[in-house]
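One structure is given here, and the rest of the page talks about it.
None of these values were measured; they are calculated from a predicted model. Proteins get letters first, then strands, A, B, ... in listed order; numbering begins at 1 in each.
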Number of protein chains: 2
Amino acid sequence: MFWVATSCFAERLAKQVPLSDAEKRALIRLEENPRKVKRGGMIQRVNDTVTELFVLREGRVMSFVILPDGSRQILRVYFPGDFIGSASTIYSKAPESLVALSDVIVCPFDKHALRRLLEESPRVAALLFLLSNAERVAMTDRLAALGRTSAKARVAAFLLDMFDRLRVTDDSIVDSFDLKLTQEEIGDSIGLTSVHVNRMIRQMELEGLISRSNGRITLNDMARLEEIGHYTNRLKDMDLDWLPVS
Amino acid sequence: MFWVATSCFAERLAKQVPLSDAEKRALIRLEENPRKVKRGGMIQRVNDTVTELFVLREGRVMSFVILPDGSRQILRVYFPGDFIGSASTIYSKAPESLVALSDVIVCPFDKHALRRLLEESPRVAALLFLLSNAERVAMTDRLAALGRTSAKARVAAFLLDMFDRLRVTDDSIVDSFDLKLTQEEIGDSIGLTSVHVNRMIRQMELEGLISRSNGRITLNDMARLEEIGHYTNRLKDMDLDWLPVS
DNA sequence: CGAACACTTGATAAAAGTCAAACGACGTGG
DNA sequence: CCACGTCGTTTGACTTTTATCAAGTGTTCG
């Protein structure tokens, strides 16, 4: 059977900046070994020796750490097209765990394959560098949220962030989406208890800011949610024009 | 007068991985235009159009954001040899402000200079990519601290982090260092008020964990501080052996 | 059908914030 | 050279926010 090779990651990058065929081929090679992981399955365990990175092709993955007292901090929720586990480029022991939030397809590749990619395609190297800077900015937004905003603001910002990120790869999303996270997981993402997350969500529902039906969230008043959450969508107005031309 | 060109940044990188002369020369070019900024001076203002990045050669710089209610979140404190403002590689408007915490020397360079560097020296590009992943991991540590640890733990982790990072470039440091931050600035870094930071510091001083004399902090019991702060030094055990050889 | 799991709500406790006042160091201008 | 103002630190009293504990309500899935 004939099968057209695709790269989830290349598609994602191509939304930001045009890619040459050679670059696309290089990116496709990163996704040569798709692997299915069941919901709840561990993709990477903290402190394990790792030499692999991943492209997430389908489903959702979270990265997190567990502190000595047993509490969990979710560091990031990943969506299709995301580049995961780049910490293994500098650390031979994983600083964080990766678990599938749904049934997923991940494409692992060795960091030596990444090395080859960086050598062969400087422009892709630059893109990866930029992408990791974008991740850094997303992280600083969350840092500011955890350090300086109220529980309600964090929930609002969290919902908007999920929404905007999902919309990058799913054009069908208008004002509602499946969260596919428990309230406990939301809490572990934004530094709250599940109980308090619930109170905030209920309150926002009563105020008509959002509505819910079996796990699906509808954002009824985005302007106000953005105000409450001090949210700015970083996915708009990225500027990659200065990149080397291919 | 003859002057030997140096690169603070190259020196820093060379501690991780050997650099070729060509690579060193390329890095030196980034620092061709040193600029002095007085303590308190603004290097970059949030939302301003930016096309420059910086290498910090001397002194200390902080990046931060101000939220609509006026509260400030300090995102990162930078030390000599650090690479600053990389967000401008993707955003034409600065997502964060940069202010000198002491009299500093920064070396601005245009992102087009960075582009040339990436094109000419794939190995340096790879190094930058790795470095930004290291920053990302540092950020996740702080995220976990803000989200899931107590005020005391955050202060302990903050002090240890400063200590370990300063020691990278200053071999003379044994167990004490100049913080050069007000308690308000510490609070704005770790999501606490200055009042509460003070209480935690006073408490740790009474317990003999740390001592102070005119702005200089001495860490008396690092093992216990690490335990309290759930701290791991990420600067040890980085592994860059897999990088392309030059 | 029932066990497990997520959600919801109430009562109470703990952690950190706010407000206010006082102290000390430091630098500047009269 | 000293007086004064500014800034950072320290401490106390009180408030607010969020966590904790506990119990009850669906819902789903074997």
TODO: Check whether any side-chain N or O of A/S88 sits under 3.5 Å from a backbone N or O of A/E52 as a donor-acceptor pair, and report yes or no.
DONE: yes

Open item on the list: Tell me the interatomic distance from B/I201, atom CD1, to D/dT10, atom C1', rounded to whole angstroms.
Closed with: 11 Å

Task: Carboxylate-amine/guanidinium proximity below 4.0 Å for B/R60 and B/E185 - done: no

TODO: Examine C/dT8: is either OP1 or OP2 under 4.0 Å from a nitrogen or oxygen in the side chain of A/N198? Give yes or no.
DONE: yes

Open item on the list: Using a strict threshold of under 4.0 Å (side-chain N to carboxylate O), is an ion pair present between B/D237 and A/K93?
Closed with: no

Open item on the list: Using modelled atom types and a 3.5 Å cut-off, is there a donor and acceptor pairing between side-chain atoms of A/E58 and backbone atoms of A/V106?
Closed with: no

Open item on the list: Rounded to whole Å, please give me the gap between CD in B/Q203 and C1' in D/dT10.
Closed with: 15 Å

Task: Heavy-atom donor-acceptor pair, A/S92 side chain to A/T49 backbone, under 3.5 Å - done: no

- [ ] Mind calculating the distance between CG (B/L146) and P (C/dA16) to the nearest angstrom?
- [x] 12 Å

Task: Main-chain N/O of B/S71 paired to A/R148 side chain as donor or acceptor, under 3.5 Å - done: no

Open item on the list: Between A/D82 and A/R12 (salt bridge meaning N to carboxylate O under 4.0 Å), is one present in this structure?
Closed with: yes

List, with names and distances, any nitrogen or oxygen atoms from the protein found under 3.5 Å away from nitrogen or oxygen atoms belonging to nucleotides 17-20 of chain C.
residue	atom	partner	partner atom	Å
C/dG17	OP2	B/T193	N	3.2
C/dG17	OP2	B/T193	OG1	3.1
C/dT18	O4	B/R199	NH2	2.9

Task: Rounded distance (Å) that lies between atom C1' of C/dT9 and atom CD of A/E205 - done: 14 Å

Task: Main-chain N/O of B/F64 paired to B/Q73 side chain as donor or acceptor, under 3.5 Å - done: no

Could you list all N or O pairs between the protein and nucleotides 23-28 of chain C that sit under 3.5 Å apart?
none

- [ ] Ignoring backbone atoms, test whether A/R212 places a side-chain nitrogen or oxygen under 4.0 Å from the OP1 or OP2 oxygen of C/dT8.
- [x] yes

Task: Between A/N220 and A/S211, a side-chain donor and acceptor under 3.5 Å - done: yes

Open item on the list: What is the distance, to the nearest angstrom, from the CZ atom on A/R202 to the P atom on D/dT25?
Closed with: 15 Å

Open item on the list: Quick check against the 3.5 Å criterion: does A/R234 have a side-chain atom that pairs as donor or acceptor with the backbone of A/A134?
Closed with: no

- [ ] Return the residues of residues 179-189 of chain B meeting this criterion: a heavy atom under 4.0 Å from some atom of DNA chain D. Order them by number, or give none.
- [x] B/T182, B/Q183

Task: Rounded distance (Å) that lies between atom C1' of D/dT16 and atom CE of A/M200 - done: 12 Å

Open item on the list: What's A/S150 touching, base or sugar-phosphate or nothing? Going by heavy atoms closer than 4.0 Å.
Closed with: sugar-phosphate

Task: Flag, side chain of A/E226 to backbone of A/A223, donor-acceptor distance under 3.5 Å - done: no

